[in-house]
Amino acid sequence: MAIKKEPEILLKASKINKSFGNFIANKDIDISIAKGEIHALLGENGAGKSTLVKIFYGVLKPDTGTIEINNSEVYISSPNSARKNGIGMVFQHFSLFPALTVAENILIALDKKIKFKDLISEISKLSKEWELFVDPLKRVSELSVGEQQRVEIIRCLMQNPKLLIMDEPTSVLTPQEISNLFKILKRLASSGCSILYISHKLEEIIELADQVTILKSGESIATIDAKKTNTKFLAETMVGKEITDLKKTNSISVTKDTALELNGLNKDKETDFGISLKNINLKVNYGEILGVAGIAGNGQVELMEILSGETLCEKDDQILLENKPVGFKSITERRQLGIETIPEERTLHATVPNLTIAENTFLTYFFKYPKANDIISNLLNNPHNSKIESEKIIKDNDVRCPETNPLANQLSGGNLQKFILGRSLANNPKVAIFSQPTWGVDIGAATSIRQKLLNLSNSGKAVILISQDLEEIFELSDKICVMNDGTLSKILPVAQITAEDVGLLMGGKLDASNQVETTE
Ligand code: ADP
Ligand code: MG
């Protein structure tokens, strides 16, 4: 009888605890990673994933707990000592110096002495071997995000790691870049390197991982064979409750009546870090959801500012609402006309953190009350109506509050987002424009937010959804376009565009003008 061979364990962590003040970020976590295994770490925002891997990489020290590598206990006191133990890490937010070249960036993180010439040839060799193409002499500031990630991976590979840790590596990549990355990770794993892969994307984990450990509120609640599970089970385990499927009604509500239109909109960037908007044309009809895909940082923020009225247009008719120019209208005027914009930044931009929910309601409501022209005096003297309004928003939108009328900053991200959305919907908009509505929101809240968008379009409203989450774009949109470097591709019905095309457009690889004209 063949004896089943137990996998050899590379890293074993036991009873890891880590608190920040009174807050417990990691509680009694046990995890074992086998040699050559791709082990995914899954969990909602704030579950403690980054904290745990920072402990493995020596960036944070655990309060208690032990780490063994190859069956002997190690003390990882710094990233340097992690690297000596064969652990490499690619961070969630890259740690490269933009003004230095690729080779210089790799050199400063290298623990060995090497001649610059040899370094260049070693980088080129690794880059070829692993199909991680980058020019070692190029400045990092000239690289795309995908290329920067390749530099980080090469930097890790230079040290011959036994364990490579990647913290949410795909959130900034196009689908093509993601599939390349997965190929590399699978090859690395089959060459014997273990991979600890953090993500909150369920599909990715099913595709990539051998094992998946789920963290919830700082605790490890399950380790599952990734090949024997499915996304629904993972989602429900992660959230701890049943996830309801979205109810779609197959776009029956889509009309031919144009709600909002942008015509030849140009806007020069205001700072070096901004993006200029170039000849943006866009049209959304009543009853439809127009998805604007694209990696964040390609002009989405600038587009939102123009749409909301935070920045005014150069010409009044560059934005039309039901054929009437609104390009010179202010935020409040647009709101009164029925345009609601829900920005991605929930604190400071959409709410004032130190004001109560009622006060925050008042800030977008005051125009409803005839005598409420002076915001400040009304805020101080007559917050009664907005208190009633805010209580209704909280009730209608299942916003979980720690107390009645809390400060905005007392709500969790998902609940604050539900409040902001509900507040806009209570104004009964004709056109609702959302930027990254489920960014950083847990899966339960995300599902309820997505359902609200669908309900809006089903009830005949026009919806623009700006999102870098491609799954979300495809799940909700009737029509899709892609934003890249301040330009917008042609708008196509969802049935006429594939995720691959969208990916190419996101990376600026497909000429937008090659696209077919929208058929209506
Ligand atoms: P995840 O990566 O799963 O989203 P993190 O490990 O980053 O979660 O964070 C877990 C929790 O610990 C969060 O609530 C976060 O606010 C808190 N936390 C993380 N780092 C710190 C820190 N340096 N100081 C205080 N709190 C922190
Ligand atoms: Mg994290």
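Every value quoted in this text rests on a predicted model; they were computed, and no experiment measured them. For ligands, and for the atoms within them, numbers begin at 1 and follow the listed sequence.
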Apply ring-ring contact (aromatic ring centres under 6.0 Å, His included) to Tyr57 and list each qualifying residue two or more places apart in sequence or on a separate chain.
-> Phe91

Using a strict cut-off of less than 4.0 Å between a Lys/Arg side-chain nitrogen and an Asp/Glu carboxylate oxygen, indicate whether Lys49 and Asp167 qualify as a salt bridge.
-> no

Would you mind checking if Glu236 and Lys232 are paired as a salt bridge, meaning a charged N to carboxylate O distance below 4.0 Å?
-> yes

In chain order, what residues pass the side chain to side chain contact (heavy atoms under 4.5 Å, CB included) check against Gln410, with sequence neighbours excluded?
-> Pro402, Glu403, Pro406, Leu407

Ala25 heavy atoms, cut-off 4.0 Å: which ligand 1 atoms fall inside?
-> 12 (O)

With a 4.0 Å cut-off on heavy atoms, is Gly48 touching ligand 1?
-> yes

Looking at Phe20, is Lys18 sitting on its ring face, NZ or CZ under 6.0 Å from the six-membered ring centre and within 45 degrees of the normal?
-> yes

For Glu44, take its heavy atoms, then give the atoms of ligand 1 lying under 4.0 Å from any of them.
-> 3 (O)

Does Thr51 put an N, O or S atom under 2.8 Å from the Mg ion (ligand 2)?
-> no

Any non-hydrogen atom of Glu168 lying under 4.0 Å from ligand 1?
-> no

